[in-house]
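As the structure is a computational prediction, the values presented were derived from the model and not from experiment. Letters A, B, ... are given to chains in the order of the sequence lines, protein chains preceding strands, and every chain is numbered from 1.
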Amino acid sequence: MIKERLKDLISLSIERAKAAGELKIGEVPEIVLERPKEKIFGDWATNVAMVLASEAKLSSLDIARTILKYLDDKQHFLTKVEVAGAGFINFFLSNRWLSEVLKEVDALREGYGRSNLGQGQKVQIEFVSANPVGPMHVGHGRWAAVGDTLANIMVALGYEVTREFYINDYGTQMNIFGKSVAVRYCQLLGRDISFPEDGYRGEYIRDIAREIVEDDGDKYLNLSEEEREELFRKRAYVQVLEHMKKVLYDMGVDFDVWFSESDLHRSGAVNTTVRELRKRDNVYERDGALWLETTTFGDDKDRVLIRESGEPTYFAADIAYHKNKFERGFEKVINLWGADHHGYVPRMKAAIKALGYPEDVLEVIIGQLVNLYKGGEPVRMSKRTGEMVTLEELLQEVGRDAARYFFLTRSTDSPLDFDIELAKRQSTENPVYYVQYAHARICSIMDFAREKGITPLPASEVDLELLVHESELDLMRKLAEFGEVVERAALQCTPHILTRYAEDLASLFHVFYTQCRVISEDRDLTQARLTLTRCTQIILRNVLNLLGVSAPRKM
RNA sequence: GCGCCUGUAGCUCAGUGGAUAGAGCGCCGGACUUCGAAUCCGAAGGUCGGGGGUUCAAGUCCCUCCAGGCGCACCA
C-alpha cells in the first residue's frame, strides 16, 4: 500500500531530523495521512508538523520544512512535496501508481474492494424483526436495506455474517391478533359482536378472516372462543410471516435465520437464563415480581424479569435470545433498532453485562424513523386505525432499486422523509438512475467498441501512461478510493457513504465521457481509455452489488 | 422533568478535529453532424440554531441555552 510507504518515509525523515538535532522531540508520533478535499493539495497530506509544533517549540512551518529537508524518496514515486497552509505537507504522487490501480481492478474484478479485514470473525446482524401481526411499514424497509447492505459489506471484508430476523411470536399481542381475526370471522358470518377495544383494526385482518371463510366456511363457528382464537392466531401468523418473507425477498433481503421467540419459551431457554441470573445474584423479588438489577450495570432503573402473574417479560426472553446468540459463537452482535426503542439499549447492555459478557460484543445501531409524505403532505399512520402505507405498496410504487437506494442515502442518525409522489415523480432524476445510467452507458460503449472490431486488451498489456487528462486522473483517483470507502462503511456502520461514493464515481465518469472520446483513431489511447472505462464499470457493479441495486446494461 | 437523536444553501441532505464548508433537487443561462443529452458546463444561493470553552486548528470534541423528533411499562 502506497499509504504505508508514505508513512514510513515521513517517520524516517523525522528520525533523521531528530538525530541531526534539528527537532527536539520525544517519540515520533503516529503519522496521520489524509486525502485532501481539494486536489490542488495533492494526493495525500499529513498534519504531523502541526502536531509537533508545541513540543518542538518551533513553528509548524519550520518543522514541515525540516521534515521535507530530510525526506528521501529513493523510489521516486513522488513528483512533488510541498509545505502549505498552516503547516501541512502535501504529497503529489506520480501517475504511475494510478496505472497500478487500474491493473489491480482489472485483475481482481469483482474481488476489488474485498479484503480479509474481518478475518472470518463471526458476526450476527439482527434487523427488521417486525412483529408478525400485520404488514410491514416503510420503516421496516429502511432497516431491511441498511441491515442487508451492512451485511453485504461485512461479507466482502471477510467477516462471517449471519442475517437474522427475530420473530416476536409470543405474548399478549399475538393473542390480540388471534382475537381480532376471530371476531372479524364471526362478523363476516353474520354474528353481531363488537370489535375489541385493543384489537388490530387494519383491513388486512378482515382479508385474512375472509380467506378463512372462503376456504372453510363456517366450520369454526361452533368452536369455543378460546379454541377459535388460538386456531386463527396460528393460521394468521403463518400467513403474515410468509407474506413478510416474500416482501423482504422481493426487496432482495434473504435472511439466514428466522428466530422464533416462542421457541425460547418452549425450549426452556428463558427459564434457564433467569436461573443463571439468579445464580449470579443479580435479581431480587419485590411486589410479587422478579427484578433484574440492571442499575448496577448502567441502567436508570431495575427491570422486571418475571411478572407478578408468573409470566416472563419480553425483556426476559430477549436476554435469553442474546445469550443464545453468544452461545452460537458470535463474536460480534449487531442489532438494528428503530429510534422508538432506543431507551431499551441500556437495559439490554446491562443484561449482557449481568450475564458476564463484555459490553462491546453487542452493538446497537439506532435508526431514526421514516416519515412518509405524499405530495408534501404527511401521511398519517396509525396501528390503531390500521391506516398506513405498507412496505409492499411502496415497493410496488417506486420499485426495488429506487426504494433500496433511497433508504440508503441518508445516515441512520437522520430521520428520513420519504415522499412517495416525489420518489415517483423524480424517478428519472433519482440518484439511483444517475448511477445506473453511467453503468448502462459504459455497457453501450463496450458494445460499440466490439461492433468496431476492437478487442479490449487486459490492462497489463495496455500503455496506461497515456491517461493524462484531468478527468481521467480524477476518475482513477476515485477508483483507488473504493477499498477505503468500503472499510469505513463497515467499521463505522455507515452504509450510506457507499451511495455517495457511487454518485461521485458516476459523476466523474460522465465528466470523463464528455471530455474524452473513448473510441478514436488512436489505437493505443483507445485501449487505455477502454481499460479505464471497463474498470469504472467493474467498480460501479461492485458498489451497486453491495447496495443490492441492479446494474442494468440498458435502461 | 430525565435520556437519546437532529438543527449546515430556498428544499432534501453529505461532511473520518484540519486548508476556500459540499452534493442533489429547484431557479437562471449555455452545450448534441461523431461512443446513450436519464448527460455535461456555467451562474446565483451560507452569521454551519444561539452563547461559552478545549485545541496550533472546531460544522466536527466539552458545557449551556433554544427548537424539533423519539423514548422514559409487571407492552412488544
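A:Ala45 comes within 4.0 angstrom of a base, heavy atoms only. No engagement by A:Ser520 is indicated, since no non-hydrogen atom pair under 4.0 Å with the nucleic acid exists. At a threshold of 4.0 angstrom between heavy atoms, the contacts of A:Asp302 with the nucleic acid are absent. Nucleic acid contact class of A:Glu308 (heavy atoms, under 4.0 Å, all strands): base. Residue A:Val518 is classed as a base contact, given a heavy-atom separation below 4.0 Å to a base. Note on A:Glu261: only backbone sugar-phosphate atoms sit closer than 4.0 angstrom, heavy atoms only; bases stay farther off. When heavy atoms are screened at a 4.0 angstrom cut-off, A:Asp417 is found touching the sugar-phosphate backbone but no base atom. Within the nucleic acid shown, A:Arg553 comes within 4.0 Å of at least one base atom, counting heavy atoms only. Among the heavy atoms of the strands, none lies under 4.0 Å from A:Ala53. Residue A:Phe315 is classed as having no contact, given no heavy-atom separation below 4.0 Å to the nucleic acid. Note on A:Ile63: nothing from the nucleic acid sits closer than 4.0 angstrom, heavy atoms only. Residue-level contact check: A:Asp447 touches neither bases nor backbone, having no heavy atom under 4.0 Å from any strand. At a threshold of 4.0 angstrom between heavy atoms, the contacts of A:Ala317 with the nucleic acid are absent. Here A:Lys452 lies out of heavy-atom contact (under 4.0 Å) with every strand.
Between A:Tyr437 atom OH and B:rA37 atom C1' there is a gap of 6 Å when expressed in whole angstrom units. One interatomic measurement links the two molecules: CZ of A:Arg517 to P of B:rU39, which rounds to 20 Å at whole-angstrom precision. One atom, CG of A:Leu61, and another, P of B:rG18, lie 19 Å apart when rounded to the nearest Å. Distance CG (A:Leu508) to P (B:rG22): 16 Å, rounded to an integer number of Å. What separates CG of A:Leu408 from P of B:rU12 is a distance of 21 Å, to the nearest Å. As rounded to whole Å, 16 Å separates atom C1' of B:rC41 from atom OH of A:Tyr513. In this structure, A:Asn430 atom CG and B:rA38 atom C1' are separated by 11 Å, rounded to whole Å. With rounding to whole Å, A:Asp318 atom CG is found 15 Å from B:rA73 atom C1'.
Smallest separation of non-hydrogen atoms from A:Ala350 and A:Asp299: CB-CB, 4.4 Å. The nearest pair of heavy atoms linking A:His439 to A:Leu540 is N-CD1, 3.9 Å. Closest approach of A:Ile10 and A:Thr46 over heavy atoms only: CD1-CG2, 4.1 Å.
Checking B:rC72, B:rG36, B:rG71 against the side-chain heavy atoms of A:His342 singles out B:rG71 as nearest. Comparing B:rG36, B:rC40, B:rC74 by their nearest atom to the side chain of A:Ser444 picks out B:rG36. The side chain of A:Ser54 lies closest to B:rC56, out of B:rA19, B:rC56, B:rC13. In this structure, of B:rA37, B:rG18, B:rC74, it is B:rA37 that holds the atom nearest to the side chain of A:Arg441. Taking only side-chain atoms of A:Ser507, from C-beta outward, the nucleotide of B:rA76, B:rC40, B:rA19 with the closest atom is B:rC40. Between B:rA38, B:rA76, B:rC5, one nucleotide has an atom nearer to the side chain of A:Met555 than all others, and that is B:rA38. Listed candidates were B:rC56, B:rC74, B:rU12. Nearest to the side chain of A:Asp287 is B:rC74. The side chain of A:Ile40 approaches B:rU20 more closely than any other nucleotide in the set B:rA73, B:rC74, B:rU20. Residue A:Tyr314 has its side chain nearest to B:rA76 when only B:rC35, B:rA76, B:rA14 are considered. Of the candidates B:rU39, B:rC70, B:rU6, the closest approach to any side-chain atom of A:Asp413 belongs to B:rU6.
With a 4.5 Å cut-off on side-chain heavy atoms, A:Phe512 and A:Asp474 do not count as touching. Taking the side chain as every heavy atom from C-beta outward, A:Leu336 and A:Glu126 never approach each other to under 4.5 Å. Using a 4.5 Å heavy-atom cutoff, the side chains of A:Val432 and A:Phe406 are not in contact. Looking at heavy atoms from C-beta onward, A:Tyr321 lies in side-chain contact with A:Phe259 at the 4.5 angstrom threshold. A 4.5 Å side-chain heavy-atom check between A:Phe91 and A:Asp43 finds every atom pair outside the cut-off. Side-chain contact between A:Ile420 and A:Val138 is absent, with no heavy atoms from C-beta onward closer than 4.5 Å.
Side-chain N/O atoms of A:Ser414 include one lying less than 4.0 angstrom from OP1 or OP2 on B:rA14. Distances shown here put every side-chain N or O of A:Arg286 at or beyond 4.0 Å from the OP1 or OP2 atom of B:rC74. In terms of phosphate contacts, A:Thr514 brings no side-chain nitrogen or oxygen within less than 4.0 Å of OP1 or OP2 of B:rC40.
A stacked arrangement is not assigned to A:Tyr433 and the six-membered base ring of B:rA38, the conditions of a centre distance below 5.5 Å and an interplanar angle below 30° not being jointly met. Under the stacking criterion of a centre-to-centre distance below 5.5 angstrom and an interplanar angle below 30°, A:His341 sits stacked against the six-membered ring of B:rA76. Residue side chain A:Phe41 meets the stacking definition with respect to B:rA19: its ring centre sits within less than 5.5 angstrom of the base's six-membered ring centre, and the planes differ by less than 30 degrees.
Each of A:Ile365, A:Thr412, A:Thr494 was compared with A:Val146 under the side-chain contact (heavy atoms from CB on, under 4.5 Å) criterion, and only A:Thr412 meets it.
Atom name C1', nucleotides B:rC66 and B:rG49: the rounded distance is 7 Å, in whole Å. Distance check on atom C1': B:rU12 versus B:rU64 gives 30 Å, rounded to whole Å. Rounded to the nearest Å, the gap between the P atom of B:rC41 and that of B:rG18 is 27 Å. Between the P atoms of B:rA14 and B:rA58, the separation comes to 24 Å (whole Å). Comparing the same atom, C1', in B:rU47 and in B:rA9 gives a spacing of 13 Å after rounding to whole Å. Nucleotides B:rG69 and B:rC27 place their C1' atoms 31 Å apart, quoted to the nearest Å.
Against the 90° criterion about 0, the sugar-base torsion of B:rC48 places it in the anti range.
Place A:Lys301 and A:Phe448 on RNA chain B by their nearest nucleotides, and A:Phe448 ends up nearer the 5' end. For the pair A:Ile366 and A:Phe512, nearest-nucleotide mapping onto RNA chain B gives the more 5' position to A:Ile366.
In RNA chain B, runs of at least 3 consecutive Watson-Crick or G-U pairs, each pair with both distances below 3.5 Å, span B:1-7 with B:66-72, B:10-13 with B:22-25, B:28-31 with B:39-42, B:49-53 with B:61-65.
Between A:Glu55 and A:Lys24 no salt bridge is recorded (no basic side-chain N to carboxylate O distance below 4.0 Å).
In this model, a donor atom of one side chain and an acceptor atom of the other lie less than 3.5 Å apart for A:Asp401 and A:Gln436.
Side-chain atoms of A:Asp340 stay outside donor-acceptor range of the base of B:rG71, with no qualifying N/O pair under 3.5 Å.
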